[in-house]
Amino acid sequence: MLKPALAVLMLAGASFAAHATDFVEGKHYTQVANKASDSPKVTEYFSFYCPHCYNMSNKYLNFIKAKIDPSIKFDDAHVDFMNSSIGTEVMRSLAVMKTLGVEKELLPKMFAAIQGDNAGAHDHSHPHPTTINNRDDIKQVFASAGIDAAKYDEVADSSETTDTINRWRQEQNSYQVESIPTFIVNDKYRINMDEIRSVADLTELIDYLATKKEEKSSGSMGWLFLAFAGLAAASRRRYS
């Protein structure tokens with residue numbers, strides 16, 4: 001069962017004007033790991049079956065990517081809420097897109113194939129039939145990008161692809177991703193989308209968590225280390 005991040009529904013009418021916001025740990029974001037990534041990054045966890053994920057992808061991600069610090073690497077991963085054979089095949093399709101370098105072209109086509117040609121624009125209270133029911137259907141989407149069935153099977157059945165979807169499952173569990181879309185920043189912080197009221201807030205929070213918070217934490221630890229080092233030196237002088 002898909003679990004949408006309800007706050008995304010409020011983003012449609014949000015102003016894009018950036019503004020100063022005080023973000024509170026435990027409310028706007030939650031620490032879900034002890035160690036941060038070596039470099040700034042944000043990963044969106046989503047599903048092709050999720051209408052709110054489509055809206056995020058189609059309407060807001062380009063704005064977010066353009067506004068966040070350019071040093072922040074953007075990535076995405078597919079969740080496994082369905083825990084079914086077709087769910088796994090759809091997860092696998094995203095991994096294949098990444099390997100073949102066609103994600104930008106095929107991401108909207110996969111959303112449309114699963115949710116309908118007007119995905120994201122229609123009334124989601126009336127489900128539209130999907131055209132993706134098995135791997136052969138997925139291959140038809142990839143054929144539109146010039147990728148033949150044999151090539152798709154080769155990449156889809158590779159150990160690299162299997163490792164990728166297994167890693168996504170593990171991250172989904174360890175980061176406690178229970179609604180989508182969800183953003184994990186620096187492999188350490190999960191943004192609580194229910195507390196986000198605008199795209200500007202989301203963008204500002206990603207920036208803060210990816211760069212400023214880690215710098216602030218490192219700086220605090222640095223001063224703490226220097227303070228202890230100074231005390232230790234003073235003690236050595238006193239007793240030498």
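Throughout, residue positions are numbered sequentially from 1 according to the sequence presented.
Between Lys41 and Asp187 a salt bridge is recorded (basic side-chain N to carboxylate O distance below 4.0 Å). Using a 4.0 Å cut-off between a side-chain N of Lys or Arg and a carboxylate O of Asp or Glu, Asp153 and Arg135 qualify as a salt bridge. Ion pair Asp194/Arg197 not flagged as a salt bridge, since none of the NZ, NE, NH1 or NH2 atoms sits closer than 4.0 Å to an Asp/Glu carboxylate oxygen.
With values rounded to the nearest 0.5 angstrom, Phe46 atom CZ is found 9.0 Å from Ile180 atom CD1. Rounded to the nearest 0.5 Å, atoms CD (Gln115) and CD1 (Ile132) are 11.5 Å apart. In this structure, the separation between CE on Met110 and OG on Ser93 is 3.5 Å, given to the nearest 0.5 Å. Rounded to the nearest 0.5 Å, atoms CG (Asn62) and CG (Asn58) are 8.5 Å apart. Annotation: the span from Gln176 atom CD to Thr182 atom OG1 amounts to 11.0 Å, rounded to 0.5 Å. Between the CD1 atom of Ile86 and the CG atom of Asn133 there is a distance of 6.5 Å, given to the nearest 0.5 Å.
Between Asn186 and Pro40, some side-chain heavy-atom pair lies under the 4.5 Å cut-off. Looking at heavy atoms from C-beta onward, Lys73 lies out of side-chain contact with Ser39 at the 4.5 angstrom threshold. Residues Tyr54 and Ile114 form no side-chain contact, since every pair of their non-hydrogen atoms from C-beta on lies 4.5 Å or further apart. The shortest distance between side-chain heavy atoms of Leu202 and Met56 falls below 4.5 Å. Contact annotation: the side chain of Leu107 approaches that of Ser57 to within less than 4.5 Å [non-hydrogen atoms, C-beta and beyond]. Here the side chains of Leu100 and Glu103 are not in contact, with every heavy-atom distance at 4.5 Å or above. Proximity of Val141 to Tyr152: side-chain heavy atoms (C-beta onward) are nowhere separated by under 4.5 Å. Using a 4.5 Å cut-off on side-chain heavy atoms (C-beta onward), Asp75 and Val42 make no contact.
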request  = Please report the C-alpha distance between Asp148 and Lys151 in whole Å, then the side-chain angles of each, then the deciding distance to 0.1 Å, and finally whether the salt bridge (charged side-chain N to carboxylate O under 4.0 Å, His left out) criterion is met.
outcome  = CA-CA 6 Å; Asp148 63 33; Lys151 183 62 177 179; over 6 Å; no

request  = For Ile68 and Glu204, run side-chain contact (heavy atoms from CB on, under 4.5 Å): C-alpha distance rounded to whole Å, both residues' side-chain angles, the deciding distance at 0.1 Å, then the answer.
outcome  = CA-CA 7 Å; Ile68 59 176; Glu204 187 178 352; over 6 Å; no

Intermediate values then yes/no, side-chain contact (heavy atoms from CB on, under 4.5 Å), Gln31 and Asn34 = CA-CA 8 Å; Gln31 182 174 325; Asn34 292 324; 3.9 Å; yes

request  = Decide side-chain contact (heavy atoms from CB on, under 4.5 Å) for Thr203 and Ile206; before the verdict, give the C-alpha distance in whole Å, the side-chain angles of both, and the deciding distance to 0.1 Å.
outcome  = CA-CA 5 Å; Thr203 305; Ile206 290 172; 5.9 Å; no

query = Step by step, would you call Asp207 with Lys67 a salt bridge (charged side-chain N to carboxylate O under 4.0 Å, His left out)?
reply = CA-CA 9 Å; Asp207 247 359; Lys67 293 297 182 180; over 6 Å; no

query = What do the steps show when you test Thr43 against Phe183 for side-chain contact (heavy atoms from CB on, under 4.5 Å), and what is the final call?
reply = CA-CA 6 Å; Thr43 305; Phe183 293 89; over 6 Å; no

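In summary, the side chains of Thr88 and Asp80 do not present any donor paired with an acceptor at a separation below 3.5 Å, with no hydrogens or angles considered. For the residue pair Thr164/Thr161, the side-chain donor-acceptor check at 3.5 Å is not satisfied.
Looking only at distances, a side-chain donor or acceptor of Thr131 sits under 3.5 Å from a matching main-chain atom of Ala113. Looking only at distances, no side-chain donor or acceptor of Thr162 sits under 3.5 Å from a matching main-chain atom of Ser159.
For the pair Pro181 and Met193, the tightest heavy-atom approach, listed with the atom from each and the gap, is O-CG, 3.4 Å. Contact between Phe81 and Ser179 at its shortest, heavy atoms only, is CZ-N, 4.1 Å. Across all non-hydrogen atoms, the minimal contact from Leu94 to Phe48 is CB-CE1, 4.2 Å. When every heavy atom of Glu105 is checked against every heavy atom of Ser144, the shortest pair comes out as OE2-O, 3.9 Å. Closest heavy-atom contact between Ser71 and Thr211: OG-CG2, 4.2 Å. What you find for Met82 and Gly87 is that their closest heavy atoms are SD-CA, 4.2 Å.
The cationic group of Lys65 lies under 6.0 Å from the six-membered ring centre of Phe74 and within 45° of the ring axis, placing it in a cation-pi geometry.
Checked against Tyr45 for a side-chain hydrogen bond (donor to acceptor under 3.5 Å, both in side chains), the options Arg190, Glu171, His78 give a single hit: Glu171.
Atom CG of Asn173 sits in a crowded spot, with more than 12 heavy atoms from other residues, nucleotides or ligands closer than 6.0 Å.
By the 30° and 60° cut-offs, the orientation of the rings of Phe23 relative to His28 is perpendicular.
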